[in-house]
A.B. asks: 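Okay, here's the structure, questions in a sec.
Sequence lines set the chain letters: A, B, ... in the order given, protein chains first and strands last, and positions in each chain run from 1. Since the structure is predicted, the reported quantities are computational estimates derived from the model, not experimental observations.
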Amino acid sequence: MTLSVIMLGYRTMFIEFDPSESIDRIIRETTAKSNDFEVGFNPQVRPADERFGDFQANGILPYAKKAGLNPRELAQKLIDLLPHSDLWETDIAGPGFINFKLSSSFFKQWIDKFHDINSIKNAIQVENQQKIVVDFSSPNTAKQMHVGHIRSTIIGESLARLLGFMGHEIIRDNHLGDWGTQFGILLFAIKKENISLSELGNDPIAKLENLYRQGNNWVKDDEDNLIQARGELVKLQNGDPENLDLWQKIKDISMDSFLSIYEMLGVQFDHSLGESFYRDKVELIYEQLLAHKICEENDGALVVFHPDHKRFSKQPFIIRKSDGASNYATTDLATVAFRKNEWQSNQIIYVTDGRQRDHFEQLFMTVQKWFSAEKNACPLLKHVWFGTILGDDNKAIKTRDGEPVKLIDLLSESIERAKKMVIEKKPDLEGSEILRRAKIIGLGAVRYADLSQDRTLDYVFSWEKMLAMQGNTAPYLQYAVARIHSIFRKIESKPNQHHSTEYPPTTDSEKKLARKLLFFSGALKQTAKELKPHFLGTYLYELATEFSSFYNQSKVMVEEKEIKSLRILLCARTLTVLEIGLNILGIDTLEEM
RNA sequence: GCCCCCAUAGUUUAACGGAUAGAACAGUGGUUUCCUAAACCGUAGAUCGAGGUUCGAUUCCUCGUGGGGGCGCCA
C-alpha cells in the first residue's frame with residue numbers, strides 16, 4: 001500500500017457525523033503509540049470558540065500538570081506526532097489548548113456525506129441499544145388535564161422521540177392516576193348527590209371535575225365525610241362491583257378527553273397502564289419486602305426506612321396505608337417490577353414535577369434493595385424533573401378565580417392567537433389553510449416555550465414571548481424553514497432532490513453556516529446525555545440565526561453555477577437538520593408562512 | 001426543625017472545570033429597485049456576598065443573604 005492510498009484512506013475515513021469523534025480518535029490512537037502519554041489519555045475534545053478554531057482539545061493541560069511537564073511543550077509533541085492531514089490545521093494557544101481548524105475540504109465532504117435524514121440517523125445510532133420505558137404525562141382520571149400536565153407530556157414525548165431516533169427501543173407508558181384517593185372522594189360525592197354518569201351532558205369530564213371539587217370540600221369540612229370517602233376507596237380496591245362499574249365509566253369519560261388532547265399534540269402511547277392495572281400485583285410487594293425486611297409496620301402502616309440515608313432513615317416511604325389501601329408508592333413499586341419482568345426494559349425514565357423528587361429518590365432506593373434481594377438485575381432508573389409554570393404574579397399559574405388552567409383552553413388560545421398572526425400576514429388565505437397554519441404555529445409556540453430553557457427552571461408563561469417572531473421562539477425557527485422552502489420553489493427544485501457541489505464553503509457566511517451544521521451531532525448527544533431538550537433547542541436557534549444571516553448576505557440564485565450549487569446544498573442541509581431537530585421537539589413545520 | 005432546588009445585563013436566559021461569560025427582549029443607530037423586512041447588521045449593558053480547592057471556577061466545596069419547594073397515611 002502506498003502512502004497516498006493511506007492518506008486517501010484518512011481523508012475519507014475521518015469524515016464522521018461528529019467531527020469531535022474523529023479528532024478524539026486520532027489523538028487517542030496517536031498518544032497510545034507514544035511513550036510521552038499514558039494509555040487512556042483523555043483529549044477532552046470540545047467545540048471551540050469561532051475565534052480560535054472549530055474544535056479544541058483541552059486534555060493536555062491537566063495531563064501535563066499531573067506529569068509535571070510543560071503543557072505547551074507537550075502539546076507541541078502531540079501535534080508533531082499527529083499524522084499529517086489535509087482535513088484540519090492545528091495550533092497551540094494559551095496555556096496549552098490545541099485548536100483544530102477544519103479545512104474547506106472537510107466541510108465540503110461533510111455536507112456531501114450527510115445528505116438526508118437516513119444518513120444522519122444511521123450516523124447517530126447508539127452502540128448499546130436499550131429498551132427504555134418513558135413514563136410521562138400521567139394525568140389523573142376524573143379530572144381534566146390542566147397546565148400541570150403539559151410539561152410532562154411535552155418533555156416526555158420529546159425525549160422519547162430523541163432516544164428513539166438514536167436507536168433505542170422506546171415504550172411510551174401513560175401511568176394514569178386512576179386508583180387513588182381522588183376516587184374515594186369522587187365516589188362519595190356521586191353517591192351523596194345520587195348522580196347518573198350517563199346523564200352528564202356534553203362536557204362530562206367538566207361535570208365530574210366539579211363533583212370532585214365539591215366532594216373535596218365536604219371531606220375537608222367534616223371528618224365523617226373523609227372517613228366515608230376513604231371507605232369508598234377501600235371498597236373499590238376490594239372489588240366492590242358497584243364502585244368498580246362507576247370507576248370504569250369515569251375512566252372511559254376521562255380517556256376520551258385525554259385522547260383529544262394527545263391527538264392535537266401528536267402523542268401516542270404504547271400503553272396506558274394506570275395504577276389500577278397493578279391492583280392485583282401489590283400483595284406480592286408486601287410479602288417480598290417484608291420477607292427481605294426492607295419494610296416494617298409502623299403506626300399501622302407499612303413503611304420503608306433507609307438507615308443508610310441521612311433523611312430517609314426517619315422520613316418514611318409509606319407503601320401501605322393503615323387502612324390497608326395501597327397508594328402510589330405501592331403501585332410504583334409494582335410498576336417497576338412489571339416493566340422489568342414483563343417488558344424486559346433496562347431503563348425507566350420518569351418525567352414529573354420536581355416536587356416529587358423525594359418520592360422518586362425513596363422509590364429508587366427501595367427498588368434497588370428489593371431487586372438486589374431478589375437477585376434481579378435492576379433497571380436504570382432516572383427521574384427527569386421539571387419546574388413550575390408561573391403566571392404574571394410569579395406564582396404557579398392559575399385562572400383569575402384560582403382554578404387550574406385547563407390544558408385544552410390554553411392550547412385553543414394559542415391557536416387563536418396564531419390565527420390572528422396568520423391572517424394579518426396573509427389575509428387572502430382560505431379558512432382551512434389559516435387554521436392549519438395556526439395550529440402548527442400555535443402548538444409549536446407552546447411546545448417550544450417549554451423546551452427551550454432548562455427544564456429544572458420555573459418559567460413565567462407569556463403569550464407575547466412564545467409567539468414572537470424574533471428571539472428564541474418556535475415561529476422564528478418555523479420561519480427559517482419556510483424561507484428555505486421558498487428558495488426551492490423559486491429555483492424550481494426540491495430540497496430532498498439530490499444536490500451536490502464541487503465548490504467548498506468559501507465566504508464568511510457560507511463557512512459559518514456549514515460550521516454550525518457540524519455541531520448537530522454534539523447537540524443531539526448532549527441532549528440525550530442530560531435528558532434536557534433545551535440543548536437541542538438552543539442549537540436549532542443558533543442554526544436558524546446563522547441561516548438568516550446567510551440568507552441576507554448570500555443570494556442563492558446567482559449566475560455562477562458552482563456558487564449556486566453550494567448554496568443550494570447548504571440550504572438543503574440546513575432544512576434537513578432543522579426539520580429533524582424540530583420533529584424531535586414535536587414541532588411541525590410549514591412550507592409557507 | 002431537617003432536607004432539596006435556584007440566584008448571571010433593566011427583563012427572560014445560555015455556558016459538558018477551560019481562553020475576552022454567549023444570546024434574546026426592552027433601549028439606541030442603520031439596512032428593502034435583491035430568494036418572505038414575521039428578517040438582517042451595528043451599539044451599550046451582567047456572574048448575590050465572603051472564604052476555599054484548582055494551572056484555570058458562573059460551574060466544585062464551606063459559610064452567609066434572598067427566593068421557591070418537600071418532609072406519615074394526596075399524587
A.B. asks: Rounding to an integer number of angstrom, what distance separates B:rU13 and B:rU8 when you compare their P atoms?
C.D. replies: 9 Å
A.B. asks: If pairing requires Watson-Crick or G-U wobble contacts with both distances under 3.5 Å, which nucleotide is the partner of B:rU8?
C.D. replies: none
A.B. asks: When you compare B:rU11 with B:rG49, how far apart are their P atoms, in angstrom units rounded to a whole number?
C.D. replies: 15 Å
A.B. asks: Name the pairing partner of B:rA50, where a pair is Watson-Crick or G-U wobble with both distances under 3.5 Å, or state none.
C.D. replies: B:rU62
A.B. asks: Could you check whether A:E560 pairs with A:K564 (Lys NZ or Arg NE/NH1/NH2 to Asp/Glu carboxylate O, under 4.0 Å)?
C.D. replies: no
A.B. asks: Using heavy atoms to find the nearest nucleotide of RNA chain B for A:Q526 and A:M593 separately, return the residue whose nucleotide is more 5′.
C.D. replies: A:Q526
A.B. asks: Mark this stacking check for A:Y476 against B:rA38 as yes or no, applying ring centres under 5.5 Å and ring planes under 30°.
C.D. replies: no
A.B. asks: Quick one, A:K465 with A:Y459, criterion side-chain contact (heavy atoms from CB on, under 4.5 Å). Give me CA distance, side-chain angles, the key distance, then yes/no.
C.D. replies: CA-CA 12 Å; A:K465 255 186 201 171; A:Y459 73 89; over 6 Å; no
A.B. asks: Nearest to the side chain of A:Y479, heavy atoms from C-beta on, is which of B:rA37, B:rG18, B:rA75?
C.D. replies: B:rA37
A.B. asks: Heavy atoms from C-beta onward define the side chain here; which of B:rA75, B:rG68, B:rC40 lies closest to that of A:S548?
C.D. replies: B:rC40
A.B. asks: Looking for any heavy atom pair under 4.0 Å, which part of the strands does A:Q56 touch: base, sugar-phosphate only, or nothing?
C.D. replies: base
A.B. asks: Give one of base, sugar-phosphate or nothing for A:A64, where a contact means two heavy atoms less than 4.0 Å apart.
C.D. replies: nothing
A.B. asks: May I have the distance from A:R72 (atom CZ) to B:rG18 (atom P), rounded to whole angstrom?
C.D. replies: 20 Å
A.B. asks: Does any nucleotide pair with B:rC74 by Watson-Crick or G-U wobble geometry, both distances under 3.5 Å, and what is it?
C.D. replies: none
A.B. asks: Between A:E21 and A:K525 (salt bridge meaning N to carboxylate O under 4.0 Å), is one present in this structure?
C.D. replies: yes
A.B. asks: Where the side chain of A:R357 is defined as all heavy atoms beyond and including C-beta, which of B:rA75, B:rC4, B:rC40 is the nearest nucleotide?
C.D. replies: B:rC4
A.B. asks: Identify the nucleotide, in any strand shown, that forms a Watson-Crick or G-U wobble pair with B:rA14, with both distances under 3.5 Å; if there is none, say none.
C.D. replies: none
A.B. asks: Output yes when A:K420 and A:E424 qualify as a salt bridge under the 4.0 Å nitrogen-oxygen rule, no when they do not.
C.D. replies: no
A.B. asks: Hey, does A:E464 reach any base, or is it just sugar-phosphate, or nothing, if we go heavy atoms under 4.0 Å?
C.D. replies: nothing
A.B. asks: Has the side chain of A:S549 got a donor or acceptor that lies under 3.5 Å from a partner of the other kind on the base of B:rC40?
C.D. replies: no
A.B. asks: More 5' along RNA chain B: A:A329 or A:I491, using each one's nearest nucleotide?
C.D. replies: A:I491
A.B. asks: With a cut-off of less than 4.0 Å, is there a side-chain N or O of A:R483 near OP1 or OP2 of B:rA37?
C.D. replies: yes
A.B. asks: Under 4.0 Å, counting only non-hydrogen atoms across every strand here, what does A:L457 touch: a base, just sugar-phosphate, or nothing?
C.D. replies: sugar-phosphate
A.B. asks: Ring centres within less than 5.5 Å and planes less than 30° apart: is that true of A:F97 and B:rG18 in this structure?
C.D. replies: no
A.B. asks: Where the side chain of A:R46 is concerned, which of B:rC2, B:rC16, B:rA14 is the nearest nucleotide?
C.D. replies: B:rC16
A.B. asks: Can you identify which nucleotide, out of B:rG72, B:rU12, B:rG69, has its nearest atom closest to the A:V303 side chain?
C.D. replies: B:rG72
A.B. asks: For A:S554, answer base if it contacts any base atom (sugar-phosphate contacts may also be present), sugar-phosphate if it contacts only those atoms, and nothing otherwise; contact means non-hydrogen atoms under 4.0 Å.
C.D. replies: base
A.B. asks: Mind checking A:H359 for me? I need base, sugar-phosphate or nothing, with any heavy atom below 4.0 Å counting as a touch.
C.D. replies: nothing
A.B. asks: Counting only Watson-Crick or G-U wobble pairs whose two distances fall under 3.5 Å, which nucleotide matches B:rA19?
C.D. replies: none
A.B. asks: Heavy atoms from C-beta onward define the side chain here; which of B:rC35, B:rC5, B:rC3 lies closest to that of A:W385?
C.D. replies: B:rC5
A.B. asks: Using the side-chain contact (heavy atoms from CB on, under 4.5 Å) rule, take A:F317 and A:D358 through it: C-alpha gap first, then chi angles, then the decisive distance, then the call.
C.D. replies: CA-CA 9 Å; A:F317 186 56; A:D358 272 2; over 6 Å; no
A.B. asks: Name the orientation class of the two ring planes belonging to A:Y350 and A:F360 (parallel below 30°, tilted from 30 to 60°, perpendicular beyond 60°).
C.D. replies: tilted
A.B. asks: Answer with base, sugar-phosphate or nothing: what part of the nucleic acid does A:D353 contact at a heavy-atom distance below 4.0 Å?
C.D. replies: nothing
A.B. asks: Do the ring centers of A:Y541 and A:Y476 come within less than 6.0 Å of each other?
C.D. replies: yes
A.B. asks: Any side-chain donor paired with an acceptor under 3.5 Å for A:Y448 and A:N472?
C.D. replies: yes
A.B. asks: Rounding to the closest angstrom, what is the interatomic distance between B:rA26 and B:rG64 at atom C1'?
C.D. replies: 34 Å
A.B. asks: Which whole number of Å gives the distance between the P atom of B:rA39 and that of B:rU65?
C.D. replies: 46 Å
A.B. asks: A:R230 side chain N/O closer than 4.0 Å to the phosphate oxygens (OP1, OP2) of B:rC74?
C.D. replies: yes
A.B. asks: Looking only at side-chain atoms of A:K465, point me to the closest of B:rC74, B:rC5, B:rU12.
C.D. replies: B:rU12
A.B. asks: May I ask you to decide whether A:D54 forms a salt bridge with A:R515, counting only side-chain N to carboxylate O separations under 4.0 Å?
C.D. replies: yes
A.B. asks: Could you tell me how far B:rG17 sits from B:rC35 if I compare only their C1' atoms? Round to whole Å.
C.D. replies: 45 Å
A.B. asks: Mind checking if A:F535 touches a base, just sugar-phosphate, or nothing, with heavy atoms under 4.0 Å?
C.D. replies: sugar-phosphate
A.B. asks: Does anything in residues 138-152 of chain A reach RNA chain B, meaning a heavy atom under 4.0 Å, and if so which residues?
C.D. replies: none
A.B. asks: What integer number of Å spans the P atoms of B:rC61 and B:rC16?
C.D. replies: 15 Å
A.B. asks: So, is A:K555 near the phosphate of B:rC35, with a side-chain N or O under 4.0 Å from OP1 or OP2?
C.D. replies: no
A.B. asks: Ignoring backbone atoms, establish whether A:K321 has a side-chain N or O less than 4.0 Å from OP1 or OP2 of B:rC74.
C.D. replies: yes
A.B. asks: Over all strands shown, is A:V460 touching base, sugar-phosphate only, or nothing at heavy-atom distances under 4.0 angstrom?
C.D. replies: nothing
A.B. asks: Go ahead and name the base partner of B:rG27; Watson-Crick or wobble counts if both distances stay under 3.5 Å, otherwise write none.
C.D. replies: B:rU43
A.B. asks: Taking A:A544's backbone N and O only, do any of them form a donor-acceptor pair with A:S548's side chain (distance below 3.5 Å, no angle check)?
C.D. replies: yes
A.B. asks: Of the candidate nucleotides B:rA75, B:rA39, B:rA19, which contains the atom at the shortest distance from the side chain of A:E275?
C.D. replies: B:rA75
A.B. asks: OP1, OP2 of B:rA38 versus side-chain N and O of A:K420: anything below 4.0 Å?
C.D. replies: no
A.B. asks: At under 4.0 Å between heavy atoms, what does A:N99 touch on the DNA or RNA strands: base, sugar-phosphate, or nothing?
C.D. replies: base
A.B. asks: Is the phosphate of B:rA24, meaning OP1 or OP2, less than 4.0 Å from a side-chain N or O of A:Q470?
C.D. replies: no
A.B. asks: Have a look at A:P71 and say if it touches a base, only the backbone sugar-phosphate, or nothing, with a 4.0 Å heavy-atom cut-off.
C.D. replies: nothing
A.B. asks: So which nucleotide does B:rG56 pair with, by the Watson-Crick or G-U wobble rule with both distances under 3.5 Å?
C.D. replies: none
A.B. asks: Strictly below 4.0 Å, N to O, side chains only: are A:E542 and A:K516 in salt-bridge contact?
C.D. replies: yes
A.B. asks: What contact category does A:E592 fall into here, base, sugar-phosphate, or nothing, at under 4.0 angstrom with non-hydrogen atoms?
C.D. replies: base
A.B. asks: For a quick check of understanding: with a heavy-atom distance under 4.0 Å over all strands, which category does A:N58 fall into, base, sugar-phosphate or nothing?
C.D. replies: base
A.B. asks: Could you give the distance separating B:rU43 and B:rC4 at their C1' atoms, to the nearest angstrom?
C.D. replies: 43 Å
A.B. asks: Ignoring hydrogens and angles, answer whether the base of B:rG67 and the side-chain atoms of A:N394 contain a donor-acceptor pair closer than 3.5 Å.
C.D. replies: no
A.B. asks: If you only use heavy atoms from C-beta on, which nucleotide in B:rC16, B:rC3, B:rC35 is closest to the side chain of A:R311?
C.D. replies: B:rC3
A.B. asks: Looking only at the side chain of A:D358 (C-beta and beyond, no hydrogens), which of the listed nucleotides B:rU54, B:rG72, B:rG70 gets closest?
C.D. replies: B:rG70
A.B. asks: Would you call A:D178-A:K251 a salt bridge at under 4.0 Å N-O?
C.D. replies: yes
A.B. asks: How far, in whole Å, is B:rG27 from B:rG68 if one measures between their P atoms?
C.D. replies: 30 Å
